[in-house]
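Quick notes on the structure that follows.
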Amino acid sequence: MIDNKNFRALGIIGSPLNQSLSPFLHNYWINQYKISSYYLPLPIKNISNIKVSLKTLNFLGLNVTIPYKKKIIKHLDSIDKSAKTTNAVNTLLFKNNKMKGYNTDIIGFKKGLSNKDWNKNRPVIVFGAGGAAEAVVYFLKSENIKNIIIINRTKSNAAKIIKRYKNIKYDYKMNDYMKEAGLIINTTSLGMLGYPDLKVKLNKINKEAIIYDIVYNPINTKLIKNAKKYNLTNITGLEMFIEQARASFSIWFNIQPEINNKLITSIKKRISKI
Ligand code: ATR
């Protein structure tokens with residue numbers, strides 16, 4: 001319900017954005033709650049002028065995705081505790097002409113694990129060292145996980161996370177941890193629509209291990225298919241996607257939007273079947 005006088009735009013910045021279902025999901029809720037807004041995909045190649053652009057256009061807020069979750073911070077007027085502790089922002093709110101950053105990935109990630117019985121004494125392997133990995137590591141530390149191994153293409157990016165915590169190791173391959181790991185999490189873009197797959201052999205893994213891929217489009221990534229092949233408990237990125245979006249929506253509108261089966265079916269219909 002667009003009312004020109006009160007209209008405030010929303011959107012998602014990232015590159016690429018082909019895989020994102022955030023515009024669909026937020027516009028669904030905007031319609032449901034009859035809000036004068038519209039959520040736009042904004043695939044952008046650099047963020048140097050982001051503040052001026054969005055202030056000029058009087059945006060209400062934004063989601064931020066790969067590769068800008070960390071890079072955006074220096075453009076903001078302030079960040080809340082969730083963004084400070086993770087050093088990553090996935091949600092912005094423009095209020096009183098100021099841009100404030102939040103991180104709702106932590107809430108989303110936690111939701112995906114909420115009904116799963118995982119052995120917290122076993123090591124946890126985290127693939128990736130970007131903004132999403134920051135949220136995941138923060139959550140794991142809040143659960144008192146003692147042994148975390150980050151596996152990432154670029155060692156220096158992993159080092160930036162490791163130096164802020166105790167007892168996190170870096171490695172470039174996971175074979176050595178196969179028999180021990182209790183939880184294996186993909187936070188990289190690998191497996192996402194338009195990206196190569198994350199190549200991990202699960203043949204030597206212990207049967208207790210849980211595989212969590214935060215990629216939600218496609219839902220059955222190579223990693224999830226592989227987990228199914230070895231009868232491992234697996235968690236797709238769908239719940240995290242919906243829950244982080246729900247938390248962003250409530251930052252913008254102070255409404256906890258409804259999630260029902262009809263909505264989940266509509267999202268699944270839009271997810272790539274690859
Ligand atoms: P953001 O901070 O917005 O989440 P990012 O910093 O680009 O985005 O993080 C993406 C993650 O996916 C990083 O861990 C990145 O690895 P690098 O630190 O080596 O860049 C990982 N990633 C993205 N594309 C990849 C690829 N083709 N192969 C391996 N890792 C990749």
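Everything quoted here is computed from the prediction, not taken from an experiment. Whatever order the structure lists ligands and atoms in, that order sets their numbers, starting from 1.
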Please determine, by modelled atom types, if [X] and [Y] share a side-chain donor-acceptor pair under 3.5 angstrom.
X	Y	result
N119	E208	yes
N220	K228	yes
D213	T221	yes
S248	N63	yes

For ligand 1, does [X] get within less than 4.0 Å through its side chain, its backbone, both, or neither, judged by non-hydrogen atoms?
X	value
S189	both
I66	both
L190	side chain
T154	both

Identify, by atom number and element, the atoms of ligand 1 in contact range of [X], meaning under 4.0 Å from any of its heavy atoms.
X	result
N157	17 (P), 18 (O), 20 (O)
G128	14 (O)
T65	3 (O)
P67	3 (O), 7 (O), 8 (O)
A129	14 (O)

TODO: Go through the structure and list residues passing salt bridge (Lys or Arg N to Asp or Glu O under 4.0 Å) with K155, not counting sequence neighbours.
DONE: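 Scan of K155 (salt bridge (Lys or Arg N to Asp or Glu O under 4.0 Å), adjacent residues dropped) gives none.
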TODO: Decide, yes or no, whether a salt bridge links D197 with K225 under the criterion of side-chain N to carboxylate O below 4.0 Å.
DONE: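 Salt bridge: no.
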TODO: Could you name each residue pair satisfying ring-ring contact (aromatic ring centres under 6.0 Å, His included) that touches residues 141-186, not counting sequence neighbours?
DONE: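 For residues 141-186: none.
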Open item on the list: For atom 12 (O) of ligand 1, tell me which residue out of L198, T187, T188 has the closest non-hydrogen atom.
Closed with: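 That would be T188.
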